[in-house]
Every structure is written in C-alpha cells, then in structure tokens.
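Below is one structure, written out as structure tokens; comments come after it.
Because the structure is predicted, anything quoted here is derived from the model rather than measured. Values below: all heavy atoms of this structure, side chains included; hydrogens, waters and symmetry mates excluded. Counting starts at 1 for both ligands and their atoms, following the listed order.
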Amino acid sequence: MTRLDAVLWDMDGTLLDSEKLWDLAIRELAGELGREMTEEIRHALIGASGPNALRILFDGLGLEPTPDALTDAGEWIERRVSDLFHGPVPWRPGAQEALAAVRAAGIPMALVTNTKRSLTEYGLNTLGRENFHASVCADEVPEGKPAPDLYLRAAQLLGVLPEHTVAIEDSPTGALSAEAAGCAVLVIPCEIAVPERPGRTFRDSLVGLTTTELQGLILERSAAS
Ligand SMILES: [Mg+2]
C-alpha cells in the first residue's frame with residue numbers, strides 16, 4: 001500500500017513570503033558592490049543556496065569571485081537578511097492553514113530549506129517549531145538544492161522513504177532537488193514560473209489544500225510508475 005508518510009516543506013516563497021526580503025537584500029548588496037541588479041540575475045537566484053547564490057551573483061554582475069570577496073559578501077548578506085527576518089515574516093496565502101491541516105491529520109512534517117540554519121531559526125519563529133519533526137538547512141548537508149541532499153536527509157531524519165513523501169516547492173531549483181530525491185512534488189510558483197514536467201503537480205496557492213489531495217499525489221505517482 002502506497003501511503004503518504006510525510007510532507008516536506010520548502011520555506012522561502014512556499015510557506016513564507018520571504019523571497020522578497022532576500023530580493024531586497026541582494027539588490028542592496030549589488031549596490032554596495034557598485035553594480036546594479038538585472039531581472040535575469042534575480043531569476044537565476046531564486047531558490048539558489050548561499051555559496052552558489054553568491055557565485056551566480058558575482059558572475060551576473062561581472063565581478064571576480066575571489067574567496068575574500070565572496071566571504072565579505074556572504075557576511076554582508078547574512079547581516080542584512082537577519083535584520084529583515086527579525087520581525088514576523090509574512091506567510092504565503094493559505095500556508096498557515098495548510099500546515100495546520102497536515103498537522104491535524106497527524107502526518108509528520110519537515111522543513112527543508114536552502115537557507116542556512118542561523119536564518120532559518122528566524123523563519124521558525126513565525127512558522128512554529130512545534131509543527132516540524134525535523135528541519136534541514138543548506139549548511140547541514142554537502143550540497144544544497146538543486147542537489148537531492150536536503151530532501152534525502154529530511155526523509156532519513158523522519159525515518160520514511162522519499163517515495164512516500166510529498167515535497168511542496170515554489171522554485172525550479174527546489175522542484176529539481178525534490179525530484180532528484182524521489183519525492184512527489186507539488187509546485188506553487190511564487191516569484192517565477194516553474195516549467196511543467198511529467199510528475200509535477202501545480203496549484204495556484206496553498207489555499208484549501210487538503211491531506212486527501214496530498215495523498216492523491218502519492219497514489220497517482222505509484223499508478224504511473
Ligand atoms: Mg523556495
């Protein structure tokens with residue numbers, strides 16, 4: 001019997017409307033570096049992880065990514081994003097209710113984020129630590145999204161098979177990561193479009209999401225394979 005053993009949630013852009021905070025901080029950093037952000041770089045950065053994100057930014061801005069420059073930029077962005085995350089971060093539409101519905105059904109949940117632990121802790125202040133059996137951050141695995149490491153680690157911590165989980169993601173990078181790990185993927189695009197692919201299910205928002213619907217994603221996939 002194929003069943004839904006866990007729901008794995010992305011944080012930025014999926015549960016929290018925090019991509020906007022990142023966007024603001026990155027834009028300011030580009031200014032600090034004497035450059036201006038472009039839409040192209042902004043899109044490439046959505047869902048990217050710390051070190052990768054900085055390399056994409058430096059490449060896009062035409063700056064040399066020396067180790068010192070990357071370290072400085074990393075520290076700058078962490079300070080700025082910490083400031084921005086310090087207050088309550090707005091939820092994405094329907095996210096709070098969807099999280100509560102999965103919890104009420106007794107299905108274990110994990111937070112699986114490309115954001116580092118120190119900043120994720122601010123996010124958890126809004127999300128409620130008690131909602132998650134585990135949380136995994138980009139600085140706790142060898143490689144962040146789009147590599148599968150974060151999702152594999154989350155499934156391991158929950159003691160479930162990735163094939164029996166649904167990952168909920170907003171970005172192409174996140175969707176690739178969850179697919180590579182073997183999770184069924186529900187995509188709710190936030191800032192940018194996510195390409196349609198076999199096995200990806202889309203929704204406009206989390207409003208009205210039910211556990212029956214999530215269970216259906218696992219059944220559909222096992223029927224298709
Ligand atoms: Mg995201």
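The nearest N, O or S atom of E19 is not closer to the Mg ion (ligand 1) than 2.8 Å. Within the 2.8 Å limit, E169 places no N, O or S atom next to the Mg ion (ligand 1).
Between the Mg ion (ligand 1) and the N, O or S atoms of D170, the shortest distance is to OD1. For D10, the N, O or S atom closest to the Mg ion (ligand 1) goes by the atom name OD2. For D12, the N, O or S atom closest to the Mg ion (ligand 1) goes by the atom name O.
Cluster annotation: I168 and M11 are assigned to the same hydrophobic cluster (Ile/Leu/Val/Met/Phe/Trp/Tyr, side-chain heavy-atom contacts under 4.5 Å, transitive).
Ion pair R55/D59 not flagged as a salt bridge, since none of the NZ, NE, NH1 or NH2 atoms sits closer than 4.0 Å to an Asp/Glu carboxylate oxygen. Between E28 and R80 a salt bridge is recorded (basic side-chain N to carboxylate O distance below 4.0 Å).
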inquiry  = Before you tell me yes or no, could you show the steps for T173 and N114 under side chain to side chain donor-acceptor pair (under 3.5 Å), namely the whole-Å CA-CA distance, both residues' side-chain angles and the distance that decides it to 0.1 Å?
reply    = CA-CA 10 Å; T173 306; N114 237 6; over 6 Å; no
query = Going through the distances and angles, do K145 and D10 end up as a salt bridge (Lys or Arg N to Asp or Glu O under 4.0 Å)?
reply = CA-CA 11 Å; K145 303 172 188 179; D10 171 52; 3.0 Å; yes
